[in-house]
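Order of listing sets the numbers, starting from 1, for every ligand and every atom in it.
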Amino acid sequence: MATNQALLIIDYTNDFVADKGALTCGEPGQVLAPAIVSLANDVHQSGGWVLLPTDVHTPHDPYHPESKLFPPHNVRGSWGRELYGPVKTWYADHAANDNVWQFDKTRYSSFAGTDLDLRLRERHVDTLHLVGVCTDICVLHTAVDAYNLGYHLIIHENAVASFDPAGHAWALSHFKTALGAEVI
Ligand code: ZN
C-alpha cells in the first residue's frame with residue numbers, strides 16, 4: 001500500500017458489534033477485529049491513511065430518517081458509540097498521528113454530509129480499502145458513493161460483516177459486479 005491509499009474502518013463501534021450493542025452484528029462482527037487491526041497496521045506503516053467514519057446520533061431526533069427505522073444507536077458520548085475492542089485500543093494508540101483520524105457521519109454513507117471527499121482529494125488518495133459493518137448498509141452506501149466519485153475500491157471480505165447473512169452475500173457480489181470493486 002502507499003500514500004494514495006486509505007483504509008476506511010466503518011462503524012466498528014459497540015452498538016454495531018458488541019453483544020449488548022443496540023444494533024449489533026454479534027459474533028460475525030466481533031471476529032473481524034484482528035483482520036481490521038492487521039490492515040490498519042499495514043496501511044499505517046506504509047504511509048497510507050487510516051480513517052474511522054463513525055455514525056453519530058442524538059437520542060431522539062424526529063427529523064432523522066433512521067428514527068423511523070431503528071432504535072437509538074451510536075448516541076454521541078455513549079458507550080455504544082465507542083469503538084469496539086481491539087480497534088478502540090489501536091485507535092487510542094495511533095490517534096495522535098496526522099495520518100489517522102476518526103470523524104462523524106450521520107448517514108449510512110461516509111461521504112454524505114462529510115468532508116471526506118475533499119480530504120481524500122487534497123491528499124491525492126484514489127484507492128479506498130473498506131472494512132467494518134454492516135456490509136449491506138454503511139459499507140455498501142459508502143462504496144456506492146465512492147464509485148460515483150471515481151475511487152478505486154478494495155473490499156476486504158474477511159473484515160466486513162452484517163447481521164443479515166443474505167444481505168452480506170448480496171453486497172459482496174454487488175461490489176464486484178456493479179461497482180467494479182476488488183473483493184479480496
Ligand atoms: Zn445510524
Side-chain angles (χ1 to χ4, degrees), residues 6-33 35-36 40 49-88 90-92 95 100-120 128-149 151 153 155-156 159-172 174-175 179 181:
L7 173 68
L8 303 190
I9 303 172
I10 298 169
D11 283 342
Y12 203 68
T13 64
N14 287 327
D15 266 345
F16 291 119
V17 178
D19 282 340
K20 293 182 176 161
L23 286 175
T24 190
C25 294
E27 192 183 356
Q30 293 161 18
V31 299
L32 310 179
I36 292 175
W49 311 87
V50 179
L51 314 182
L52 296 97
T54 308
D55 204 23
V56 68
H57 295 286
T58 53
H60 304 289
D61 178 358
Y63 300 103
H64 196 293
E66 286 179 29
S67 298
K68 298 183 188 70
L69 299 168
F70 303 116
H73 60 277
N74 268 38
V75 172
R76 189 181 298 284
S78 70
W79 168 85
R81 194 178 181 251
E82 291 176 17
L83 295 167
Y84 175 78
V87 172
K88 178 181 182 182
W90 189 92
Y91 181 67
V100 177
W101 73 86
Q102 185 177 23
F103 64 95
D104 296 346
K105 69 179 183 65
T106 66
R107 296 297 190 272
Y108 304 142
S109 171
S110 304
F111 290 94
T114 74
D115 67 355
L116 176 59
D117 183 51
L118 292 172
R119 294 242 226 167
L120 293 172
L128 302 181
H129 298 257
L130 303 189
V131 301
V133 296
C134 298
T135 320
D136 51 336
I137 305 180
C138 290
V139 178
L140 173 69
H141 285 249
T142 298
V144 169
D145 277 350
Y147 167 83
N148 286 326
L149 291 164
Y151 291 95
L153 284 168
I155 317 292
H156 294 263
V160 293
S162 175
F163 59 91
D164 176 354
H168 172 79
W170 175 85
L172 287 177
H174 188 79
F175 294 141
L179 304 183

field: Stepwise side-chain contact (heavy atoms from CB on, under 4.5 Å) test for T13 and V133
entry: CA-CA 9 Å; T13 64; V133 296; over 6 Å; no
- request: In sequence, state the C-alpha distance, the side-chain angles, and the governing distance for F163 and T24, and then conclude on side-chain contact (heavy atoms from CB on, under 4.5 Å).
  value: CA-CA 7 Å; F163 59 91; T24 190; over 6 Å; no
task: Under the salt bridge (Lys or Arg N to Asp or Glu O under 4.0 Å) rule, what do D11 and K105 come out as? Steps first, then yes or no, please.
output: CA-CA 9 Å; D11 283 342; K105 69 179 183 65; 2.9 Å; yes
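Within the protein, the number of N, O or S atoms lying under 2.8 Å from the Zn ion (ligand 1) is 4.
Looking at D55, its side chain never comes within 3.5 Å of a backbone N or O of N74 through a donor-acceptor pair.
Of the candidates R76, H73, R81, H57 forms a side chain to side chain donor-acceptor pair (under 3.5 Å) with just one, namely H73.
Side-chain contact, S109 with H141: no donor N or O sits under 3.5 Å from an acceptor N or O.
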